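Numbering of ligands and ligand atoms starts at 1, following listing order. All values reported here derive from a predicted model rather than from experimental measurement.
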Amino acid sequence: MIKLSPSILASDYMNMGSDIKAIERAGSPYVHIDVMDGHFVPNINFGPGVVSAIRPITDMVLDVHLMITNPEKYVNAFLNAGSDIITVHAECDTDFNFIADEIKSKGKKFAVSLNPATDISVIEPYADKLDMILVMSVNPGFGAQSFIESSIDKIKALRDKYSHIDIEVDGGIKLSNVQKVIDAGANIIVAGSAIFGGDDVEANTREFIKRCNS
Ligand code: DX5
Ligand code: ZN
C-alpha cells in the first residue's frame, strides 16, 4: 500500500482546518507538516503551535518535517504538540542519536531527510534507529518546484540498501511523475501543490491515492 502525505505548506491557510478534513475524508493516512526556520531554509512558516492545533481535529499521522537548524532544541516541543513522525535533516550539525532516543522513548517515529546533494552514506551511523528516510526531490524551502530527476537513482539505491524501511519522497510530485517514484522504491509520497492547488482538495486527494495504488 502506497501512502499519501499531503503537504499543508500548499494549503489555504485561512481554511487550513477544512483542507485537513478534506484530505482525511478522501482517505489520506498522513498529513505532512513542513516546518521552516528561515535559517536552515530561506523560508519561515509553522511552529509547534500549528501541530498542537491540528492534533485534536484529526487521527491522521502527523508527519512533521523539520527544516530547521538545531532540531535537538525543538524535538520535545514537537513531540508534546502531537507529532507522530519527526524528520530532521541529515545536513544538520546535531546529535542524531539523542534525537532518535527522545522520539522513540515517546513511541513515535524517527526519520532523517536527505537534500538532493547529500549522499545516502551519511545516514549509516544511525541507520539502525531510522523508521523512515525522507528523500528531498527538490531543494527544501518552497512548494511548487520541479522534480529533480536524479532523485530516482537515490531512491533506488536506498531501497536496495534498506529493503524494509519506509522511504518517503518529497517535492515536485504530480500525477504525471508519481509512478516512476513508486517504481524506484518509494512507499510514502508527499504532494503539496498537486493536492491543494485547484479547487477540489478532496477530489485531488482521492485521485492521487487511486493513482498511487493502481
Ligand atoms: C519543500 C517541502 C515539500 C513541499 C512539497 O521544502 O518540504 O513538502 O511542500 O510541495 P510540492 O508537492 O508542491 O512540491
Ligand atoms: Zn516536506
Please determine if D183 and R159 form a salt bridge, counting it only when a charged side-chain N lies under 4.0 Å from a carboxylate O.
-> no
- Is any side-chain N of the basic residue among K129 and D101 closer than 4.0 Å to the acidic one's carboxylate O? yes
For [atom], find the nearest protein heavy atom and state the residue, atom name and distance (0.1 Å precision).
atom: atom 12 (O) of ligand 1; value: G192 N, 2.7 Å
atom: atom 14 (O) of ligand 1; value: G172 N, 2.8 Å
atom: atom 13 (O) of ligand 1; value: S193 OG, 2.5 Å
atom: atom 8 (O) of ligand 1; value: D170 OD1, 2.6 Å
atom: atom 1 (C) of ligand 1; value: F142 O, 3.5 Å
atom: atom 10 (O) of ligand 1; value: G143 CA, 3.7 Å
atom: atom 2 (C) of ligand 1; value: D34 OD2, 3.4 Å

Of all the atoms in ligand 1, which lie at a distance below 4.0 Å from a heavy atom belonging to [X]?
X: V190; answer: 8 (O)
X: M36; answer: 6 (O)
X: P140; answer: 6 (O)
X: H65; answer: 7 (O)
X: G171; answer: 14 (O)
X: L9; answer: 9 (O)
X: H32; answer: 8 (O)
X: A191; answer: 12 (O)

- Message: Any side-chain to backbone donor/acceptor pair from N187 onto D166? Under 3.5 Å, distance only.
- Response: no
| Do any N or O atoms from the side chain of E91 and from the backbone of N115 form a donor-acceptor pair under 3.5 angstrom? | yes
Group every Ile, Leu, Val, Met, Phe, Trp and Tyr by side-chain heavy-atom contacts under 4.5 Å, then state whether [X] and [Y] land in the same group.
X: I85; Y: I57; result: no
X: I188; Y: I8; result: no
X: L79; Y: I33; result: yes
X: Y74; Y: V50; result: yes

(message) Students often mix this up, so state it plainly: with edges at 30° and 60°, are the rings of F40 and H89 parallel, tilted or perpendicular?
(response) tilted
In [X], what N, O or S atom is nearest to the Zn ion (ligand 2), if we give its atom name?
X: H65; value: ND1
X: D170; value: OD2
X: D34; value: OD1

Within the 4.0 Å heavy-atom cut-off, what S7 brings close to ligand 1 is side chain
State if A10 counts as touching ligand 1 under the rule of any non-hydrogen atom under 4.0 Å.
no
**Request:** Compare all side-chain heavy atoms of I152 with those of F147 and state whether any distance is below 4.5 angstrom.
**Result:** yes
So do I44 and M36 actually touch side chain to side chain, heavy atoms under 4.5 Å? no
query = Is there a donor in the side chain of K73 and an acceptor in the side chain of T94, or the other way round, less than 3.5 Å apart?
reply = no
Review point. Is the shortest N/O to N/O distance between A144 and ligand 1 below 3.5 Å?
Key: yes
Worksheet entry | Any N or O of G141 closer than 3.5 Å to N or O of ligand 1 | yes
**Message:** Atom NZ of residue position K106 - does it have more than 12 heavy atoms of other residues, nucleotides or ligands inside 6.0 Å?
**Reply:** yes
